[in-house]
Amino acid sequence: MHISGIVSGLDTDTLIEQLMAIERRPLVLMQERKTTLEKQRDAWRDVNTRLNNLRDRMAELSRLSLFERRAVTSSKAEVATATANRNAVEAVYRISVQQLAAAHRVAGKRFETVDGKAAPKEPLGLSGEARLRVGQNGDWDWITVTVKTADTLESIAAKINEAAGGAVIARVLDGRLILEAKETGAANTLEFEVPDGSDPSAVNIWQELGVVNDKGEILNELQAAQDAVFTVEGRLTITRSSNTVDDLIEGVTLQLKGVGETTLEIRRDVDAVVDAVRRFVEQYNSTMSFIQDRMGENGVLKGDTLLMRIQMQLRADVMAPVAATGLKYNQLAAVGISVDKSGTMSLDEARLREALGESPEEVARLFTASKEDGDPFDGVAIRLEQRFQQWLAAGDGLLAARQKLFGDRIKAIEDSMDRFEQRMEIREANLRRQFLALEEALASLQTQSNWLANQLVQLSAMASAIAARNR
């Protein structure tokens, strides 16, 4: 606590603030330098992000599976669709579906209250064992469910689901027990065991639930178990237990959807390659535009030699021919990917599709060839990945080192600012002590001045008194 200028009348707080503002000018310069370094560090982080995104786009083009991908089109998707892997032969198939595979589904009787409402939560008072299985003629084990008098339709359904382990799906609908085989096909028929009559006290649980009669015959079949039946090329009749068929055509999985006819065409998925190239071109332009902006006249990385080197190297790696002879498509420009004088990359989609149609394997090698896999050269994507590894590797990559450099510089400035602030605190304290000493000195002088003035007044009074007596 202190009182400013109590003796001198000076506004010492304002004087000290003005003096300290002058003293702190180096701190302002350090803060400005720190802000600049932070902007440069953040710009390098953004460069790192853009290059990583470009790396991801090029990684798509480095996978041979992209160029070997097959596309399947269906003239009537409501009848059948299909997917194909690279082992599928390019061909056209005519498919006629006569019958879809279906899962066996049955329903029990309706349990209701006295006023006619469904009663899924009311205890049924049934007690005993209920056994069922999927698949007749002993192909499957029996599933045993123990029913107690307190069980409701919902609890019985839950017990069936637990005991069946997914082979049978039980649910309750409008007070009825619905049972359905998980798998489709004629072989997956639901069968219900009824007491053989040897135990008169045995309760036929399934009969009580209204699922079967006393002979085990199903009373209410909602959907019969059946196989899918279809023809290929109009002559070959095929039967399968499932609507998903993956063992008919090599590398092709059919998905039957409805009764009718359709034509399936299997071909190379050129669209997937074109889309991947388009995404790479867009990301390349975005990355290079960002780099150019940060290196421009007002850019925070203007004159940064490392960024200039990255920009030039990236363009060279993208456009340089691969080290190969005898290839028609030995550089990106040959397949419609070019860079103009301004550095903007463009895609001639028609030219790329033409190349993929004429020599898909050679176009694939242009991107995916690798010396590590025995090829005589590295493709564009592999070559770029090696460059990205140098730039983007965590810890020892060029961009990581550059960001660390800026981080170290910022930390050094922050340490200098902390030390400078400590010196400023000491300097301000000294100034306050000096002004306090000034006030104390002025107070002492003022006291002496007042004493002298008092003495002079007394002397004057004494002189006047002496003069009066002498008269």
Side-chain angles (χ1 to χ4, degrees), residues 51 53-73 84-92 250-252 265-288 310-391:
L51 289 175
N53 292 339
L54 182 61
R55 184 184 197 176
D56 292 341
R57 299 288 79 78
M58 181 52 79
E60 296 177 21
L61 294 168
S62 70
R63 302 184 184 101
L64 184 60
S65 58
L66 171 67
F67 297 89
E68 295 178 335
R69 189 180 301 175
R70 298 293 189 266
V72 184
T73 56
N85 61 34
R86 63 182 183 180
N87 296 322
V89 177
E90 295 184 69
V92 177
E250 175 67 21
V252 178
E265 181 183 1
I266 302 171
R267 54 180 174 76
R268 285 184 178 270
D269 195 352
V270 174
D271 290 340
V273 177
V274 173
D275 289 343
V277 171
R278 185 183 299 113
R279 287 192 294 271
F280 168 75
V281 170
E282 291 172 353
Q283 186 59 49
Y284 176 90
N285 287 332
S286 174
T287 301
M288 296 298 271
I310 287 175
Q311 183 187 42
M312 291 186 294
Q313 191 66 63
L314 181 57
R315 180 171 180 174
D317 286 341
V318 166
M319 300 313 300
V322 295
T325 58
L327 290 177
K328 179 179 180 180
Y329 303 112
N330 69 338
Q331 64 183 102
L332 294 186
V335 296
I337 305 170
S338 58
V339 177
D340 61 22
K341 293 180 180 180
S342 67
T344 301
M345 180 180 284
S346 60
L347 169 62
D348 185 339
E349 187 174 314
R351 190 172 180 183
L352 176 59
R353 290 181 181 276
E354 179 183 352
L356 288 168
E358 179 180 308
S359 184
E361 291 81 6
E362 192 168 313
V363 175
R365 290 186 68 203
L366 170 63
F367 287 95
T368 66
S370 172
K371 292 179 181 179
E372 291 185 359
D373 295 335
D375 289 300
F377 61 91
D378 285 327
V380 175
I382 303 303
R383 182 170 62 195
L384 269 178
E385 172 54 31
Q386 295 169 354
R387 189 70 65 186
F388 285 135
Q389 182 62 30
Q390 297 174 8
W391 293 342

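The basis for the numbers below is simple: all heavy atoms, side chains too, and nothing from hydrogens, waters or symmetry mates. Being a predicted model, the structure only gives us computed values, none of them experimental.
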For the pair Glu60 and Arg57, find out whether any cationic side-chain nitrogen is under 4.0 Å from an anionic carboxylate oxygen. yes
Locate the shortest heavy-atom distance separating Arg86 from Arg70; write the atom from each residue and the value. O-NH2, 3.5 Å
Taking atom CD of Glu361 as the centre, does the number of heavy atoms from other residues, nucleotides or ligands within less than 6.0 Å exceed 12? yes
First locate atom CG of Leu327, then atom OG of Ser359, and finally report the distance between them rounded to the nearest 0.5 Å. 8.5 Å
Does a side-chain heavy-atom distance below 4.5 Å link Met58 with Val380? yes
Would the distance check show the side chain of Gln283 and the main-chain N or O of Asn53 forming a donor-acceptor pair, the cut-off being under 3.5 Å? no
Where is the tightest heavy-atom contact between Pro360 and Arg268, given as atom of each residue plus distance? CG-NE, 3.6 Å
Between the CD atom in Glu372 and the CD atom in Gln386, the distance rounded to the nearest 0.5 Å is 7.5 Å
Between Glu282 and Ser286, do the side chains contain an N or O donor and an N or O acceptor separated by less than 3.5 Å? no
Could you check whether any side-chain heavy atom of Val322 comes within less than 4.5 Å of a side-chain heavy atom of Leu366, counting everything from C-beta outward? yes
Non-hydrogen atoms of Ala84 and Ala88 that approach each other most closely: CB-CB, 3.7 Å
Is any side-chain heavy atom of Asn285 closer than 4.5 Å to a side-chain heavy atom of Val281? yes
With side-chain contact (heavy atoms from CB on, under 4.5 Å) as the test, would you mind laying out the steps for Leu314 and Tyr284 before giving the verdict? CA-CA 9 Å; Leu314 181 57; Tyr284 176 90; 4.0 Å; yes
side-chain contact (heavy atoms from CB on, under 4.5 Å) with Arg55: which residues, sequence neighbours excluded? Asn52, Glu385, Phe388, Gln389, Leu392
When rounded to the nearest 0.5 angstrom, what is the spacing between OG1 in Thr368 and CG in Asp375? 7.5 Å
Enumerate the residue pairs fulfilling side-chain hydrogen bond (donor to acceptor under 3.5 Å, both in side chains) with a member in residues 334-357, sequence neighbours excluded, ordered by first and then second residue. Asp271-Arg353, Arg278-Glu349, Ser338-Ser346, Asp340-Ser342, Ser342-Thr344, Glu349-Arg353
Shortest non-hydrogen contact from Met345 toward Ile337: SD-CG2, 3.7 Å
Looking only at heavy atoms, what is the nearest atom pair of Ile266 and Val89, with distance? CG2-O, 3.7 Å
Enter the distance from Ile310:CD1 to Thr287:OG1 here, rounded to the nearest 0.5 Å. 11.5 Å
Which heavy atom of Ala369 sits nearest to which heavy atom of Ile382, and what is that distance? O-CG1, 3.2 Å
Set of residues satisfying ring pair (Phe, Tyr, Trp, His ring centres under 6.0 Å) with respect to Phe367, sequence neighbours excluded: Phe67
Any side-chain heavy atom of Phe377 sitting closer than 4.5 Å to one from Arg365? yes
Which of these, Asp378, Leu54, Val318, sits in a side-chain contact (heavy atoms from CB on, under 4.5 Å) with Leu384? Val318
